[in-house]
Amino acid sequence: MGKTIAEKIIEAHLICGEMKKGEDIGIRIDQTLTQDATGTMAYLEFEAMGVPRVKTEKSVAYIDHNTLQTGFENMDDHRFIGSVAKKHGIYFSRPGNGICHQVHLERFGIPGKTLIGSDSHTPTGGGIGMLAFGAGGLDVAVAMGGGEYHITMPKMTRINLSGKLSPYVSAKDVILEVLRIMSVKGGVGKIVEYGGEGVKTLSVPERATITNMGAELGASTSVFPADEITKEFLKAQGREGDFTPVFADEDAVYDEVIDIDLSALKPAAAMPHMPDNVKSVEEIGQIKVDQVLIGSCTNSSLRDLLRVASILKGKTVHPDVSVGIAPGSKQVFTMLAECGALADLISAGCRILECACGPCIGMGQSPNSKGISLRTFNRNFEGRSGTADGQIYLVSPETAAASALSGVLTDPTTLGDYKEIEMPEKFLICDNLIVPPASEQEADKVEILRGPNIKPFPVTTALPESISAKTVLKVEDNITTDHIMPAGAKILPYRSNIPHLSQFCFKQCDENFAENCKKAGSGVIIGGANYGQGSSREHAALVPLYLGIKAVITKSFARIHVANLINAGIIPMTFVNEADYDGVCKDDELSFEGIAAAIKNGDTRFSVKNVTKGTEFEVNLDFAQRQRDMLLAGGLLNYTKENA
Ligand code: MIC
Ligand code: SF4
């Protein structure tokens with residue numbers, strides 16, 4: 001029987017487990033990446049493991065999220081990460097060099113290799129045929145230490161692309177169509193592979209836009225084949241030697257097949273406040289726009305920005321619209337400058353931001369109140385922009401540029417004249433903001449620079465025999481990690497300071513959450529379906545842990561978040577009967593008698609007593625053996641130490 005791309009790469013990296021769908025498998029990780037907002041914690045965890053030098057083929061630490069520097073905290077963290085990187089064998093991408101996923105694709109990614117990153121959009125690497133997963137910082141720390149990465153062997157979805165995109169229709173419109181079809185939970189437990197004749201019509205940056213936003217499907221990852229186009233891209237990056245062809249077998253078997261005719265696609269937008277709330281631009285109509293922002297790891301490639309520049313050239317942005325542009329990398333930025341496109345953007349009235357995540361994670365550029373903001377980004381969760389009632393629409397660079405000129409949401413296919421953007425034969429290669437690690441001999445001399453913002457992470461203990469805890473919060477479906485642990489300019493600088501962060505936990509859902517947790521001592525959270533979707537931030541588990549959360553009971557979980565909960569030693573459970581969700585209320589006292597024994601014995605069901613109501617309900621303990629051992633030990637760090 002033929003194999004899919006993912007099956008081939010997994011098979012070549014399999015360390016433990018059987019490649020049976022739904023089973024726990026451990027794979028060898030060739031490369032890791034971290035960004036600064038999750039990186040400080042990941043490197044503190046790496047240090048706690050006591051491994052002197054990373055054991056991966058390549059590990060890179062990027063600074064791209066926390067670059068506003070409104071106080072000492074950000075730069076202290078940058079220096080901490082830089083010094084850890086130098087000492088422990090990690091390449092360090094300095095602030096200004098660009099967004100981790102864009103730079104990794106340009107300078108480090110290799111087809112057929114495995115990559116995990118402490119950022120949910122790490123699957124961007126699937127654009128060049130890598131098997132790349134977003135993961136919690138602790139998982140990345142373990143992989144840097146040479147440990148395998150565990151996932152549940154996913155199902156395989158194939159998306160067959162045929163035809164060719166029409167002028168002004170973009171890769172972003174492809175992934176928005178996939179989101180419309182599959183929804184934000186549609187990818188859970190699946191790897192999405194792209195194939196078919198249409199693949200040949202897409203450049204690497206376009207493919208990367210599509211795999212990047214596979215994160216919004218909840219998919220484990222997304223991947224394209226590595227073909228002649230990939231080879232050309234790597235050659236233009238001076239890395240032809242890194243190319244290996246990666247293809248699915250003709251007779252590969254998929255669990256699900258979706259056909260998309262690229263020629264039939266139209267410009268689309270995801271409306272507030274979910275990436276799958278997708279309609280065509282035409283259907284939404286000409287709503288008035290206040291702000292347009294172009295950039296993020298989804299749409300900040302040279303190709304994207306050249307397309308924007310070609311639309312704006314010689315024109316002026318609408319007087320009622322504020323337009324901001326953040327190039328994805330220093331390579332993109334410099335090349336825009338050298339070819340004159342940057343001047344076109346500046347003279348059209350765009351505000352040029354540094355190459356970083358910036359507004360995508362609420363670091364500046366929050367829209368006006370009730371403001372309508374069109375963004376080429378990947379997430380439009382409520383409040384993420386920094387303006388609580390901001391109305392965020394996710395669009396392609398082409399739609400963004402057309403709307404920036406007209407002041408209303410505009411279908412770019414109405415623009416007329418279309419100039420094809422050619423990919424350069426040679427990208428400008430200058431890695432002077434990438435600092436290589438010290439040699440093994442020199443490593444001892446490197447001093448770790450620790451600022452006062454870095455506080456120790458919460459320590460966990462082995463799981464007690466029984467737990468009693470109060471229901472401190474009950475929430476609905478599709479709760480994101482931005483609800484659990486918000487980011488933004490005021491909070492993000494404290495990613496290495498869990499006690500400080502804890503005040504902001506779940507603030508959008510319940511003003512008094514942190515206080516209530518402290519009063520309760522031990523807490524339980526009740527959630528709906530797809531709980532914890534969105535980012536990889538392990539802070540969405542570490543902060544609840546710090547606040548005394550012992551268990552989270554939901555209808556279903558998002559992949560990375562459930563792994564982070566287990567890593568932190570918090571027990572994730574799902575209702576056997578979803579109707580029981582209705583029977584639990586805030587402030588109910590719950591009792592988990594003999595929970596440790598049940599987990600130890602391999603029980604897959606457990607009865608929870610609702611002491612307040614005098615009722616009982618059943619939950620699933622759906623864990624692999626290793627996860628059971630981790631929960632019993634009180635999380636991954638304790639488990640790793642016990643097994644060292
Ligand atoms: C995001 O887009 O939400 C982030 C910020 O990049 C996160 C990581 C983080 O919270 O630091 C992600 O996507 O994993
Ligand atoms: Fe950065 Fe936004 Fe991409 Fe997250 S989604 S890595 S914040 S650009």
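When a ligand or atom number is given, it counts from 1 through the structure's own listing order. Residue numbers start at 1 and run along the sequence shown.
- Closest heavy-atom approach to atom 5 (S) of ligand 2 within the set L492, N378, T124: this belongs to N378.
- Interface of T38 with ligand 1, defined as ligand atoms under 4.0 Å from a residue heavy atom, comprises 9 (C), 11 (O).
- Remark: the backbone N or O of A529 is not paired with any side-chain donor or acceptor of S556 at under 3.5 angstrom.
- Near A37, meaning under 4.0 Å from any of its heavy atoms, are these atoms of ligand 1: 11 (O).
- Checked against D76 for a side-chain contact (heavy atoms from CB on, under 4.5 Å), the options S496, P493, P452 give a single hit: P452.
- With a heavy-atom cut-off of 4.0 Å, E538 does not touch ligand 1 at all.
- Among the atoms of C297, an N, O or S atom falls under 2.8 Å of atom 3 (Fe) of ligand 2.
- Of the protein's non-hydrogen atoms, S120 OG, 2.5 Å is the one closest to atom 13 (O) of ligand 1.
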Quiz item: Is there a side-chain contact (heavy atoms from CB on, under 4.5 Å) between E382 and Q508 once you walk through the steps?
Solution: CA-CA 9 Å; E382 199 167 2; Q508 200 182 325; 3.9 Å; yes
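- Each of T298, D119, N212 was compared with H101 under the side chain to side chain donor-acceptor pair (under 3.5 Å) criterion, and only D119 meets it.
- Between E47 and R450, at least one side-chain nitrogen of the basic residue sits less than 4.0 Å from a carboxylate oxygen of the acidic one, meeting the salt-bridge criterion.
- Heavy atoms of H539 found under 4.0 angstrom from ligand 1: none, in either backbone or side chain.
- Residue D119 has at least one heavy-atom neighbour below 4.0 Å for each of these atoms of ligand 2: 6 (S).
- Judged by distance alone, the side chain of D36 and the main-chain N or O of D64 form a donor-acceptor pair under 3.5 Å.
- Distance OH/Y91 to CZ/F108: 7.0 Å, rounded to 0.5 Å.
- For ligand 2 and H65, the ligand atoms under 4.0 Å from any heavy atom of the residue are 1 (Fe), 4 (Fe), 6 (S), 7 (S).
- Counting only heavy atoms of the protein, atom 1 (Fe) of ligand 2 lies nearest to C357 SG, 2.3 Å.
- Close approach to H121 involves these atoms of ligand 2, each under 4.0 Å from a residue heavy atom: 5 (S).
- Here the side chain of S170 pairs no donor or acceptor atom with the backbone of D173 at under 3.5 angstrom.
- Atoms of ligand 2 lying under 4.0 Å from at least one heavy atom of I361, given by number and element, are 7 (S).
- Under a 4.0 Å criterion applied to the non-hydrogen atoms of R384, ligand 1 contributes the atoms 1 (C), 2 (O), 3 (O).
- In summary, the atoms of ligand 1 found under 4.0 Å from a heavy atom of S536, numbered by their order in the structure, are 12 (C), 14 (O).
- Salt-bridge annotation for R180 and D276: absent, with no side-chain N of the basic residue lying under 4.0 Å from a carboxylate O of the acidic one.
- Across the listed options H65, R495, M485, R495 owns the non-hydrogen atom lying nearest to atom 9 (C) of ligand 1.
- Residue-level proximity to ligand 1 for I361 is carried by the side chain, the only part with a heavy atom below 4.0 angstrom.
- Residue R537 has at least one heavy-atom neighbour below 4.0 Å for each of these atoms of ligand 1: 1 (C), 3 (O), 5 (C), 9 (C), 10 (O).
- With ring centers used as reference points, F46 lies under 6.0 Å from H88.
- Residues Y149 and F133 place their aromatic rings such that the two centres sit under 6.0 Å apart.
- For the ligand labelled ligand 1, residue R379 lies inside the 4.0 Å heavy-atom shell.
- Of the protein's heavy atoms, S535 CB, 3.1 Å lies nearest to atom 12 (C) of ligand 1.
- Assignment of Q35 to the shell around ligand 1 is supported, since a heavy atom sits closer than 4.0 Å.
- In this structure, N530 contributes its side chain and F557 its backbone to no donor-acceptor pair below 3.5 Å.
- Salt bridge status for R379 with D482: absent, with no side-chain N to carboxylate O gap under 4.0 Å.
- Heavy-atom proximity to C360, at under 4.0 Å, picks out these atoms of ligand 2: 2 (Fe), 5 (S), 7 (S), 8 (S).
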